[in-house]
A.B. asks: 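Structure provided below as structure tokens; questions to follow.
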Amino acid sequence: MRPSFIPESTSTYTKKKIKATQAWNKNGRCPQNTVPIRRIKKEDILRSKSIGNFGKKMMTPGILLYGSSSVHQDDPSKGHEYAVMNAMNGLYFGTQFSVNIWKPQVEIRNEFSLAQTWLSSGAGTTLNTIEAGLQVYPGKYGDNNIRLFVYWTADGYQNTGCYNTDCSGFVQRSSLVTVGAAYTTVSEYNGNQYELSMLIWKDGGNWWLQIGEELVGYWPGELFNSIGGGATRVLWGGEIVNLETGGQHTGTDMGSGHFAGEGFGRASYFRSLMTVDGFNTLREAQGLFPTITNDNCYNTMVGDAGTTWGVNFFYGGPGRNARCP
């Protein structure tokens, strides 16, 4: 199955193509007409609180955005923290962006650190989300590698949805890039910067994911309800879990582990932010505004306008520090 079209851009900015290969590619490729699927092991299931919760996010009280994870169900007061940019409310049929790849240090096994986009519509139990990005999540994967991930829900994370291909949902199509797989080439502080270009768009009823030039797969339209007519919100940015071990704020990194103000080569970034309109055209994201849980721990900074980076911003932070005890 292939999409009937891929959105085209009206931007005059040049596109920088950077290839980042997944670690499993070193062992070869899949045979023709097959696709790679990350194997679910017994240990993966045992790391979840229960079989019923395997691969799922759970809503907990007081979260700021979407999808408080099941990582700490025994104490739902432990919070998620965000440093994200929001597009103004509208009607969206996809998004495109580039994000640089870091390997954030996660302090506690059941915490995580991610960089992702959210496309959403509805609220409460009618909340629909389509999510994709990069995450380090030892409580799920059993290691500290940075991995490509996807997620979805059609009922506000109540009973539907899962990570990657952990349940019937996202359909893997690519034989080269697979959800749940790790990247070993990551950006370095004051060194080489590596990034992924991501495109999500609605084609008919389905929502497709493309990484670089590779069609990875799609979320079937029948999974959803309210987002079928388009998303009303688009966000990009970072999220971490703070378990407050020992009564202190976590030292888990967001992005590079450095504040946004350090800029290129030091802080994490999203660039070339675009949205897909009702005419299936990519247009620069408009009306961006930040949502930051605690800017002493993690923050954002809008990047310079009028450059080949288009609409862009830096984000991240170290977590626990003198101003974030």
A.B. asks: Should the pair Trp208 and Tyr218 be assigned to parallel (<30°), tilted (30 to 60°) or perpendicular (>60°) ring geometry?
C.D. replies: tilted

A.B. asks: Should Phe112 and Glu239 count as side-chain neighbours, where that means a heavy-atom distance under 4.5 Å?
C.D. replies: yes

A.B. asks: What pair of heavy atoms forms the shortest contact from Gln193 to Glu188, and how long is it?
C.D. replies: NE2-O, 2.9 Å

A.B. asks: Please check this pair: side chain of Ser121 against backbone of Thr232, looking for a donor-acceptor N/O pair closer than 3.5 Å.
C.D. replies: no

A.B. asks: Is a side-chain N or O of Asn312 found less than 3.5 angstrom from the main chain of Gly310, in a donor-acceptor match?
C.D. replies: yes

A.B. asks: Any heavy-atom pair between the side chains of Leu196 and Tyr194 that's under 4.5 Å?
C.D. replies: no

A.B. asks: Within 45° of the six-membered ring axis of Phe259 and under 6.0 Å from that ring's centre, is NZ or CZ of Arg323 located there?
C.D. replies: yes

A.B. asks: Using only atom types and a distance under 3.5 Å, with no angle test, would you say the side chain of Asn110 pairs donor to acceptor with the backbone of Gly139?
C.D. replies: no

A.B. asks: Backbone N or O of Arg266 within a donor-acceptor pair of the Ser256 side chain at under 3.5 Å?
C.D. replies: yes

A.B. asks: So with a 6.0 Å cut-off around CG of Asp304, is the heavy-atom count from everything else above 12?
C.D. replies: no

A.B. asks: Do Asp166 and Lys140 meet the salt-bridge criterion of a basic N to acidic O distance under 4.0 Å?
C.D. replies: yes

A.B. asks: Which residue pairs pass the disulfide bond (SG atoms under 2.5 Å apart) test with at least one member in residues 188-275, sequence neighbours excluded?
C.D. replies: none

A.B. asks: Considering only residues two or more places apart or on different chains, which pairs with a residue in residues 221-325 satisfy disulfide bond (SG atoms under 2.5 Å apart)?
C.D. replies: Cys297-Cys324

A.B. asks: Are Phe313 and Tyr269, when compared by the centres of their aromatic rings, separated by less than 6.0 Å?
C.D. replies: no

A.B. asks: Can a donor-acceptor pair be found, under 3.5 Å and without considering hydrogens, that links the side chain of Asn100 to the backbone of Glu195?
C.D. replies: no

A.B. asks: Ignoring hydrogens and angles, tell me if any N or O in the side chain of Trp152 forms a donor-acceptor pair with the backbone of Asn128 under 3.5 Å.
C.D. replies: no

A.B. asks: I want to check a possible cation-pi pair here: Arg147 against Tyr141, using under 6.0 Å from ring centre and within 45° of the ring axis as the test.
C.D. replies: yes

A.B. asks: Are the aromatic rings of Trp309 and Phe264 close, with centres under 6.0 Å apart?
C.D. replies: yes

A.B. asks: Phe97 and Met274: side chain to side chain contact (heavy atoms under 4.5 Å, CB included), yes or no, with the steps?
C.D. replies: CA-CA 6 Å; Phe97 59 92; Met274 307 192 83; over 6 Å; no

A.B. asks: I'd like to check Trp236 versus Thr95 (side-chain heavy atoms, cut-off strictly below 4.5 Å). Are they in contact?
C.D. replies: yes

A.B. asks: Do Leu127 and Ser120 touch side chain to side chain, with heavy atoms closer than 4.5 Å?
C.D. replies: yes

A.B. asks: Just so I know, are the side chains of Thr252 and Ile108 near enough to count as touching, which here means a heavy-atom distance under 4.5 Å?
C.D. replies: no

A.B. asks: Measuring only between side-chain heavy atoms, which start at C-beta, is Thr117 closer than 4.5 Å to Leu235?
C.D. replies: no

A.B. asks: Return yes if some donor-acceptor pair links the side-chain N/O of Glu107 with the main-chain N/O of Gly251 below 3.5 Å, else return no.
C.D. replies: yes

